[in-house]
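First up is the structure itself, then whatever we jot down about it.
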Amino acid sequence: MSQRQVLQVFEQYQRARTQFVQAVAELAARPQNVETLQNAGVMSLLRPLLLDVVPTIQQTAALALGRLANYNDDLAEAVVKGDILPQLLCSLSEQNRFYKKAAAFVLRAVGKHSPQLAQAVVQCGALEMLVICLEDFDPGVKEAASWALGYIARHNSELSQAVVDAGAVPLLVLCIQEPEIALKRIAASTLSDISKHSPELAQTVVDAGAIAHLAQMILNPDAKLKRQVLSALSQIAKHSVDLAELVVEAEIFPVVLTCLKDSDEYVKKNGATLIREIAKHTPEGIPPLCACLIEEHEDHIKAAAAWALGQVGRHTPEHARAVAVANVLPTLLAMYMDTRSSEDLQMKAKKALKNILQKCTYLPALEPLLHDAPPNIMKHIVGQFSKVLPHDSKARRLFVTTGGLKKVQEIKAEPGSLLQEYINTINNCYPEEIVRYYSPGYSEILLERVENYHPVL
């Protein structure tokens, strides 16, 4: 047997391995094949191919495993139980960029399903390898590593802390400064996933200098990047007054308001959420939103501002008062009742009114609405008076002198309705003759009594 014939055997074996692993990777991309592949024992056949002498076979084996693990948690569990993760990481640092990307994909596909599976990824030493990949020259490797770290961190604060302890945060902050948009997106998303769990984790992200770089990207034309940037800033700002103020200090106003008129729904939503998270801690977010509500011409921007103000106001009576004092309620009511307003604006204005009214106990801001509100809004206004007046004698007196009690007597409520109950509660706060005096038609009754009265001489 010649040397050529001997080598031919090896070549055939290599071709067969290549064909096998490529076919499995293609089959694994289609969900209907996954169960058959699993039943055929595909995991144990792919495992040794991760250490194959041919780099393309290694990469394709990793890709196939990633696709399988991505499909459901049972297959991800099979990757863990089959001892595949240590094999995957065995020579990761010496491998080329294609293998590194495929390996990071497997780690992400396993870790995404549950905290337990993410913990298995951490326990096999994957975090250190992923952090090394964040320093790789190739942006695709950095992106794959960042994605895997985000999927691990998003589960809970313990896993997030493990990602922080592995040294990922400063490198992720460097990644958001890279020119590649895809890398910026994933790195911002991962910083968001780390920040969301606790003030301490958010502070770690802040200490690495993330806020300034994130704030600069609010005006980036890429919608998917803006979504992640706004989300990350929201996850930082939500925890405390100090963190919210640090985000405001990065000069996100007024630029963040442009996000409320973005064509991308998620940018609009995340922009409004960021404003809400700031305003819930500090009133600095309310004036720009009010200005937006009054000065903007387009209904969808007004609707976004109305939604955000509703989210702020529903928080606590203090928040509702801060919004009400800014004279927002009459504007929202006018927008809701204006037939020229878009359906979306009318709906958002109505919802915002309800959210603010249900928390607002500052009666001077509510009283002007008694004269204009339709019945479905009126019940929320009268409801707030019925909560406050029984416990506040000064407010009771004011309610009479400003004409509030008279207005309440003019409201035509359905007998037995919630609105009628609220009116009864208010009336029970006053002597019967006062209520009678301010009831519609009572002046006519008095005049009739004057006419029919026979002077006592």
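Heads up: numbering here begins at 1 and tracks the sequence.
Qualifying salt bridge (charged side-chain N to carboxylate O under 4.0 Å, His left out) partners for Asp165, counting only residues two or more places apart in sequence or in other chains: none. For Ser2, the side chain to side chain contact (heavy atoms under 4.5 Å, CB included) criterion is met by Arg4, Gln5, not counting sequence neighbours. Remark: Gln346 engages no residue in a side chain to side chain donor-acceptor pair (under 3.5 Å) (not counting sequence neighbours). Looking at residues two or more places apart in sequence or on another chain, you find no salt bridge (charged side-chain N to carboxylate O under 4.0 Å, His left out) involving Asp73. Scanning for side chain to side chain donor-acceptor pair (under 3.5 Å) contacts around Glu35 gives an empty result, with sequence neighbours left out. In terms of the side chain to side chain donor-acceptor pair (under 3.5 Å) criterion, Gln38 has no residue partners (sequence neighbours excluded). Residues forming a side chain to side chain contact (heavy atoms under 4.5 Å, CB included) with Asp264 (at least two apart in sequence, or on another chain): Ala223, Arg227, Asp262, Tyr266, Val267. Residues satisfying the ring-ring contact (aromatic ring centres under 6.0 Å, His included) criterion with His380, sequence neighbours excluded, are absent altogether. Judged as a ring-ring contact (aromatic ring centres under 6.0 Å, His included), and not counting sequence neighbours, the contacts of Phe385 are Phe399. Taking Glu77 as the reference, nothing meets the salt bridge (charged side-chain N to carboxylate O under 4.0 Å, His left out) condition, with sequence neighbours excluded. Not a single side chain to side chain donor-acceptor pair (under 3.5 Å) links Asp299 to another residue, sequence neighbours left out.
Taking the ring axis of Tyr151 as reference, the NZ or CZ atom of Arg154 stays within 45° of it and closer than 6.0 Å to the ring centre.
Between Asn220 and Lys184, the side chains place no donor N or O within less than 3.5 Å of an acceptor N or O (distance only, hydrogens not considered). Side-chain contact annotation: Ser157 with Ser198, donor-acceptor N/O pair under 3.5 Å absent. No donor-acceptor contact under 3.5 angstrom links the side chains of Gln420 and Glu414, judged on distance only.
Judged as a ring pair (Phe, Tyr, Trp, His ring centres under 6.0 Å), not a single pair has a partner in residues 36-80 (not counting sequence neighbours).
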